[in-house]
Amino acid sequence: GTIAGISAGGLPDNCVDAGTIGALPGGLWKGDGTGQTIATGTDTKLDFFSTAKWTNGSMSWDDTNKRIAFPVAGVYACHVKISHGAEGYFDNDMHLIFKINGSNAHDSNAQMGFGIAPYKNNSEWYKSCVYSQFVEVAASDYLEVWFKQTTGGDVSLSGDYTYLNVQYMGGA
């Protein structure tokens, strides 16, 4: 039969498969780790995205190096949320940064990725900081998430209320 100008049976069965079009990277959502302590005034790579909440396609998390390697070149939407592990604050000079192959991602710098209401006199339980960015990468590039806070002391991040989500958007 015909549906809106498209005829059924135009291609033989099983002529298009994953080998023909390649494995798409899909997406990855990681979270619920054991938490992490961040010393004041240091850029620290976040390494506690340990539980796969959702994966789709060929994208995977490298548990050894604490990063995502991109299987296919293209544009990816990256989103991270971190949460303070107790009642506290991150201070006014804090940031999240996405790094590609060890360097700040395009448009990612210390002036971006600020949290919500980081004012130090506004302590809240599980205060969160979120950051989203589109990145354009080549195949085998990798992404890491870095965080800095300047409270004057160590800050414990909650693994329970923290996640990283990366989704393939398409070719560049």
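- Panel note: side chain Asn101, backbone Tyr142; a donor-acceptor pair is recorded below 3.5 Å.
- Closest non-hydrogen pair, Leu164 versus Phe98, comes out as CD1-CE2, 4.2 Å.
- Side-chain contact between Val137 and Tyr76 is present, with at least one heavy-atom pair separated by less than 4.5 Å.
- Between Tyr163 and His79, the side chains place a donor N or O and an acceptor N or O closer than 3.5 Å (distance only, hydrogens not considered).
- Taking the side chain as every heavy atom from C-beta outward, Lys66 and Trp61 approach each other to under 4.5 Å.
- Between Glu144 and Lys99 there is no salt bridge, since no side-chain nitrogen of the basic residue lies less than 4.0 Å from a carboxylate oxygen of the acidic one.
- Note that CG of Leu96 and OG of Ser132 are 10.0 Å apart. Values are rounded to the nearest 0.5 Å.
- Formation of a donor-acceptor pair under 3.5 Å by the Thr42 side chain with backbone atoms of Thr44 is not found in this model.
- Looking at heavy atoms from C-beta onward, Asp47 lies out of side-chain contact with Lys45 at the 4.5 angstrom threshold.
- Residue Val135 comes nearest to Cys78 through the heavy atom pair CG2-SG, 3.7 Å, listed as atom of the first residue, atom of the second, then distance.
- For the pair Leu143 and Val145, the minimum side-chain heavy-atom distance is below 4.5 Å.
- The shortest non-hydrogen separation linking Gln36 to Leu46 is OE1-CA, 3.3 Å.
- Residues Thr162 and Ser83 come closest through the heavy atom pair OG1-N, 3.4 Å.
- The backbone N or O of Arg67 sits nowhere less than 3.5 Å from a side-chain atom of Asn65 that would complete a donor-acceptor pair.
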Side chain to side chain contact (heavy atoms under 4.5 Å, CB included) between Ile82 and Phe147, intermediate numbers included: CA-CA 9 Å; Ile82 62 169; Phe147 179 69; 3.3 Å; yes
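- The two atoms that bring Gln149 and Ile38 nearest to each other are NE2-O, 3.0 Å, heavy atoms only.
- Closest of all the heavy-atom pairs between Ala77 and Phe134 is CB-CE2, 3.7 Å.
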Steps toward side chain to side chain donor-acceptor pair (under 3.5 Å) verdict (His84, Tyr161): CA-CA 9 Å; His84 203 290; Tyr161 302 106; over 6 Å; no
